[in-house]
Amino acid sequence: MSDEQLLDVKNLRTSFLTSGGVVSAVRGISFSVGHGEFIGIVGESGCGKSVTMLSIMRLLAGNASVKADSLFFDGRDLLKLSSKEIRKIHGSDIGMIFQDPMTSLDPLYTIGDQIMEPLKIHKKMTRREARRKAAEMLDMVGISSPGQRLDQYPHEFSGGMRQRAMIAIAMCCDPKLLIADEPTTALDVTIQAQILELMMEMKKKFSTATALITHDLGVIASSCSRVVVMYGGLIMEIGLSEDIFYRPLHPYTNGLLNSITRAGGKERGKLIPIPGSPPDLMNPPVGCPFTARCEYAMRICAEARPSSTYVSENHSAACWLLHAKASGMRSGIARHGR
Amino acid sequence: MGDNGEFLLKAENLNMFFEIGAASLFSKEKRLLKAVNDVSFSIGRGETFGLVGESGCGKTTVGRTIAKLYRATGGRIIFDGSDITKMTDKEFFPYRRRIQMIFQDPYTSLDPRQPVSEIIGTPLSVHGLVSNRAERDERIKELIHMVGLKEDHINRYPHEFSGGQRQRIGIARALALMPEFIVCDEPISALDVSIQAQIINILSEFQERFKLTYLFISHDLSMVRHISHRVGVMYLGNLVETAEVNELFGNMIHPYTQSLMSSVLIADPAAAKRQSRIILEGDVPSPLNPPSGCHFRTRCRCASDICSCVTPELTDVGSGHMVACHNAD
C-alpha cells in the first residue's frame with residue numbers, strides 16, 4: 001500500500017499535555033492520500049482535523065505527543081526523520097496553506113522575500129533566479145503587475161490576494177502534497193470561489209496531491225474527489241465524494257448533511273440539527289464518540305469503539321450499525337439518507 | 001408584503017457616515033467613510049428580512065443603525081409609525097424594549113463577569129417587567145428553558161458554556177424583553193455546522209410563537225434563503241437589489257447579485273459540477289474612495305458609459321422587486 005500511496009497514515013494518535021490534564025485530540029486514525037488526489041477532511045471544530053495534519057507535518061508545540069504505527073510520506077517514514085530532515089520536506093515536498101492569511105504571512109518581510117525564501121533554501125536558487133520565479137508564481141496565482149507586487153508588504157494586499165500569495169509560496173517548489181487548512185474560511189463568498197477555483201487549477205496543472213481541511217460541506221462538494229469525515233478525534237467515514245453526499249453510512253455524516261441547507265434543494269423546510277454538542281476530549285467516551293448525540297445508538301456503541309467496515313472498495317465507516325448483528329437496525333438510516 | 005401600510009419598520013434614505021482621521025499628517029481634511037449610503041427598505045410585521053453582502057458592504061452597520069446603536073447621519077427610521085431617528089435616549093427607552101439585537105460573536109457579546117441570571121435578569125429589572133425577586137427568577141427560568149438550556153445553568157458564567165449555548169443565552173437575553181423586532185447580526189457564523197441548524201430552528205420557532213420580526217444579517221446565502229421572506233443585497237454601502245426570497249433567487253437581475261449567488265458553494269457534488277460560476281475580477285474597492293456612478297461598475301460584466309457617471313436608483317421592476325442597475329430594463 002505504501003508504495004502506491006503518497007501519504008499513508010496508520011493509527012495516528014496525538015495528545016496534548018495541558019495544565020488541566022491530557023487532551024487526546026486524535027485517537028487512532030488511519031487514511032492515505034494517493035498521488036495527485038484531491039482529498040477533503042471535514043469535521044467540526046475540535047474534531048482533530050487540523051491536529052491530524054499538523055501532526056503529520058510535525059509542526060506541533062512541545063507539549064504534544066505524536067504516535068503512530070506508521071507515517072509514510074513518499075516512501076519515507078516521517079516518524080524516523082530528524083527535525084533537520086523534516087525541515088527539508090517543509091515547503092519543498094509538502095506545501096501548506098493556513099486559514100488566516102492575515103497572520104500566516106510575516107508582516108515585516110515583503111511578499112517577494114517570502115516567496116523567494118523557500119526557492120533559495122530548497123532549490124538553491126540565486127536571488128535573481130528566485131525573483132524571476134517568484135514573479136512567475138504571482139502571475140500564475142492571478143496577481144496583476146507581479147514585478148511591482150513583489151516589493152510590497154502583506155498589509156498592502158487584500159485578504160484574497162494574501163491567500164493567493166500564500167498559495168504562491170506553497171506551490172513555488174512544486175510540492176508533491178499541498179495541505180490546505182481551511183484556506184477559504186476567512187474569505188468572502190466571491191473570493192472563496194476564486195481561491196477554490198485557483199487551487200483546483202493548480203492541482204490540474206502540477207498534479208499536486210491536495211489535502212483540504214474544512215468544516216464547509218459546500219467547499220468539499222465543489223472540489224474533492226474523496227472525503228474523510230472526522231468526529232471526536234476519530235474517522236467516522238471515508239468515501240468518494242458521491243458516496244458521502246448521496247449514500248452516507250454513518251449517522252454523523254447523515255446528521256451533518258441534514259443540518260445544512262442545500263441551495264437549489266428544499267427551502268423553508270425545517271432543518272434537522274444534531275442535538276447536543278461534541279464530546280470533551282479530556283475524558284473521551286470509551287465507545288463511539290457520537291453515541292451521546294446519535295439517534296440510533298445501541299448499547300454496544302457506548303461500550304466499545306467500532307472498527308472501520310468497508311461496504312465497497314473506497315467506502316468505509318466506523319459504526320456498529322454496519323455490524324452483521326445490527327442488520328435490523330440499519331434500515332432507519334437509509335430512510336434518512338437523501 | 002412590506003410595501004403596504006403593514007410594515008413594522010421602515011428605513012428611508014438611511015445614511016451612516018463615519019468621520020475618520022485625515023489621510024496624511026499634513027492635511028486638515030477629515031475623510032468620510034460612507035458605510036451606509038441612501039439605503040431604503042421596509043420590513044413587514046412577522047417578516048424576516050435577510051440582508052446579504054460581502055464583508056465591508058455595510059450590512060452590519062445597517063443593523064446597528066436601525067437598533068440605534070449608532071446615530072444615523074441622515075434619513076429616517078420609522079418604527080411602528082413613529083420616527084425614532086432623532087429620539088433622545090430618554091424618548092427611545094420604551095422602544096429599546098421593543099427592538100432587540102442578537103450579536104455575531106457569542107464569546108464577546110456576553111459579559112464574562114456576570115452569571116446568566118444577571119445577563120438575562122438585568123434587562124428585566126431595568127425595564128420594569130418584573131416587580132420582585134421571585135417573579136424575576138421565575139421569568140429567568142422560563143426563558144432559559146425556552147432556549148433549551150437547563151435550570152442549573154442559571155448561576156454559571158459565560159466561560160462555562162460552549163459557543164452554541166452562549167448564543168442561546170444571547171437569544172434568551174434578547175427575548176427577555178418580549179421585543180417585536182430583533183436584529184440578528186450574523187447569529188450563526190461563529191458556530192459549527194451542526195449547531196447552526198439548532199439556532200436557526202430556535203429562531204424560526206420563536207418567530208412563529210411570538211410573531212417576531214427579524215432583520216437577519218448574514219453572509220451565508222443558503223441560510224438567508226432558508227430563513228428569510230424577503231432579501232436585500234448590499235454592495236459598498238448601497239442596497240443594490242431587494243425582492244421576495246423566491247423571486248430574488250429565481251430571477252436575479254443585478255449583475256452583482258448574480259455573481260454573488262453563483263459563488264455559493266453547493267453541498268452537492270453533482271450540482272456543484274453543473275454550477276457555472278461568474279467569478280468577479282479583483283477585490284471590493286475601498287469604501288473611502290468608491291468608484292463614481294454605480295459602485296459596482298469596476299467589477300461588472302455589463303458596465304457601460306452611463307454607469308460611471310450616473311448613480312442608479314433603486315427602481316421597481318415589478319411586484320416589489322427593486323433593482324439599482326442601469327441595465328435592468
Side-chain angles (χ1 to χ4, degrees), chain A residues 42-47 142 144 157-161 184 186-194 196-197 215-225 227 240-242 244-246 252 255-278 293 338, chain B residues 52-57 148 161-165 190-202 204-205 219-229 245-246 249 256 259-275 277-286 299:
Chain A
V42 68
E44 297 174 79
S45 34
C47 74
S144 51
F157 278 49
S158 70
M161 285 205 305
T184 60
L187 307 171
D188 270 314
V189 259
T190 55
I191 311 294
Q192 206 172 38
Q194 285 178 5
L196 213 55
E197 206 98 324
H215 67 276
D216 188 335
L217 289 161
V219 171
I220 295 276
S222 323
S223 57
C224 302
S225 52
V227 185
L240 299 178
S241 194
E242 287 77 16
I244 298 290
F245 282 94
Y246 303 134
Y252 175 64
L256 270 188
L257 290 170
N258 280 335
S259 56
I260 53 167
T261 56
R262 304 200 199 181
K266 301 182 267 190
E267 292 97 43
R268 293 209 68 80
K270 212 164 155 86
L271 299 174
I272 309 166
I274 306 175
S277 44
R293 304 173 77 187
R338 302 193 213 185
Chain B
V52 299
E54 295 173 87
S55 40
C57 73
F161 294 95
S162 68
Q165 286 174 321
L191 306 174
D192 265 318
V193 197
S194 74
I195 311 294
Q196 286 186 354
Q198 293 177 3
I199 298 297
I200 288 290
N201 280 351
I202 297 192
S204 318
E205 186 196 319
H219 64 270
D220 184 339
L221 294 161
S222 39
M223 262 323 168
V224 165
R225 181 178 195 176
H226 176 81
I227 198 170
S228 309
H229 301 102
V245 63
N246 290 327
F249 280 83
Y256 176 65
S259 58
L260 187 66
M261 301 298 174
S262 78
S263 44
V264 174
L265 302 166
I266 306 173
D268 180 338
K273 275 195 193 98
R274 285 196 305 271
Q275 193 180 19
R277 293 219 173 89
I278 308 167
I279 302 267
L280 287 181
E281 299 285 321
D283 294 295
V284 183
S286 161
R299 300 169 82 194

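Chain naming here is simple, since letters A, B, ... match the order of the sequence lines and numbering starts at 1 in each. Computed from heavy atoms alone, side chains included, the values below leave out hydrogens, waters and symmetry copies. The structure displayed is predicted, hence computed values, not measured ones.
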| Portion of A:Thr190 that has a non-hydrogen atom of chain B nearer than 4.5 angstrom | both
| Highest number of heavy-atom pairs under 4.5 Å with chain A: which of B:Pro269, B:Ser162, B:Gly148? | B:Pro269
| Approximate separation, where rounding is to 0.5 Å, of B:Ile199 CD1 and B:Asp192 CG | 12.0 Å
| field | Test item: B:Arg299 and B:Val284 side chains (from C-beta on) under 4.5 Å apart, heavy atoms | value | yes
| remark: dist B:Glu54:CD -> A:Leu187:CG (nearest 0.5 Å) comes out at 10.5 Å
| task | Would you please test A:Gln192 and B:Ser263 for side-chain hydrogen bond (donor to acceptor under 3.5 Å, both in side chains) and show each step? | result | CA-CA 8 Å; A:Gln192 206 172 38; B:Ser263 44; over 6 Å; no
| task | List the steps, then state whether side chain to side chain contact (heavy atoms under 4.5 Å, CB included) holds for A:Leu271 with B:His226. | result | CA-CA 9 Å; A:Leu271 299 174; B:His226 176 81; 3.5 Å; yes
| query | Which region of B:Leu260, side chain (C-beta onward) or backbone (N, CA, C, O), has a non-hydrogen atom less than 4.5 Å from a non-hydrogen atom of chain A, or is it both or neither? | reply | both
| message | Does any backbone or side-chain atom of B:Ala272 lie under 4.5 Å from a heavy atom of chain A? Answer side chain, backbone, both or neither. | response | side chain
| query | Checking side chain to side chain contact (heavy atoms under 4.5 Å, CB included) against B:Ser55, which of A:Asp188, A:Ile191, A:Val189 comes through? | reply | A:Asp188
| task | Return the option, out of A:Glu242, A:Glu44, A:Glu197, with the maximum number of heavy-atom pairs under 4.5 Å with chain B. | result | A:Glu44
| task | Counting only heavy atoms closer than 4.5 Å, note whether B:Ile279 contacts chain A via side chain, backbone, both or neither. | result | side chain
| Side chain, backbone, both or neither of B:Gln196 within contact of chain A (heavy atoms, under 4.5 Å) | neither
| How far apart are the closest heavy atoms of A:Pro275 and A:Arg293, and which atoms are they? | O-NE, 2.7 Å
| Portion of A:Ile220 that has a non-hydrogen atom of chain B nearer than 4.5 angstrom | neither
| remark: Looking only at B:Ala270, B:Gly164, B:Ser259, most heavy-atom pairs under 4.5 Å shared with chain A are made by B:Ala270
